[in-house]
Amino acid sequence: SCLFCFVPLKYLIQFQYILSFVPQNEECLNLFRIAAKNHQHISRLAMSGCGIDRHLFCLYVVSKYLGVNSPFLQEVLSEPWCLSTSQTPIQQIELFDLVNHPEYVSIGGGFGPVADDGYGVSYIIVGDHLINFHISCKVSSPLTDAHRFGENISRAMLDIITLFNLDGKKA
């Protein structure tokens, strides 16, 4: 998994939403590119076993095997993970001609929340023109709303389109 906090992304978000986002602003585009480059770097690290949750899980398994009680693991593993994400594998997409048969497009699989006031989000990149999100949360929580979360994702995607000036033109 890829769990991280990234300062340039924070500045990008502040720049866009707090300081009134101006479309095609070069500084905003530069911050987005820096954030994307760092995200790719951290994702590669996570894929090679450097993600924090894998290390915590390994420590947990070893502590159980050895019968060791770890206050550190008890504390860190009891903290809620409010956002749980996963990408749906895309190998099966090549089996379908989605251009001529769009009825075969799937939203992908579900991914449930792991905290009572959290979200489970899975996504699937379907070819070059479609990304589907599957968002779930517990309706019993007054803090979560899957529709609102989806609307925020949609707005963010539209902001990215505007940022890169992708309104039907090639970037």
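- Residues Ile153 and Tyr123 are not in side-chain contact: their nearest non-hydrogen atoms beyond the backbone lie 4.5 Å or more apart.
- Side-chain contact between Ile135 and Tyr119 is present, with heavy atoms from C-beta onward closer than 4.5 Å.
- Taking the side chain as every heavy atom from C-beta outward, Pro113 and Ser136 approach each other to under 4.5 Å.
- No chain of hydrophobic side-chain contacts below 4.5 Å, direct or via other Ile, Leu, Val, Met, Phe, Trp or Tyr residues, connects Val114 to Leu143.
- Heavy-atom contacts from other residues, nucleotides or ligands closer than 6.0 Å to CG of Asp117 number more than 12.
- Residues satisfying the side-chain contact (heavy atoms from CB on, under 4.5 Å) test with Tyr65, not counting sequence neighbours, are none.
- Cluster membership for Tyr60 and Val62, using ILVMFWY side-chain heavy atoms within less than 4.5 angstrom, is not shared.
- Here CG of Asn132 is found 7.0 Å from CD1 of Ile124. Values are rounded to the nearest 0.5 Å.
- The shortest distance between side-chain heavy atoms of Asn69 and Gln74 falls below 4.5 Å.
- Residues Leu83 and Phe149 meet the side-chain proximity criterion, which asks for heavy atoms closer than 4.5 Å.
- Taking every heavy atom of both residues into account, Ser63 and Leu73 meet most closely at OG-CD1, 3.8 Å.
- Placement of Phe72 and Trp81 within a single hydrophobic cluster is found when ILVMFWY residues are connected by side-chain heavy-atom separations under 4.5 Å, directly or transitively.
- In this structure, the separation between CG on Leu158 and OG1 on Thr162 is 6.5 Å, given to the nearest 0.5 Å.
- A distance of 10.0 Å separates CG of Leu29 from CD1 of Ile34, quoted to the nearest 0.5 Å.
- At least one side-chain heavy atom of Arg148 sits under 4.5 Å from a side-chain heavy atom of Asn152.
- Note on ring orientation: taking the six-membered ring where Trp is involved, the planes of Phe32 and Phe164 are perpendicular (angle over 60°, cut-offs 30° and 60°).
- In this structure, a donor-acceptor pair under 3.5 Å is absent between the side chains of Asn30 and Arg33.
- Although no hydrogens or angles enter the test, the distance criterion places no donor-acceptor pair under 3.5 Å between the side chain of Thr85 and the main chain of Val121.
- Once rounded to the nearest 0.5 Å, the distance linking CD of Glu75 with CG of Leu77 reads 10.0 Å.
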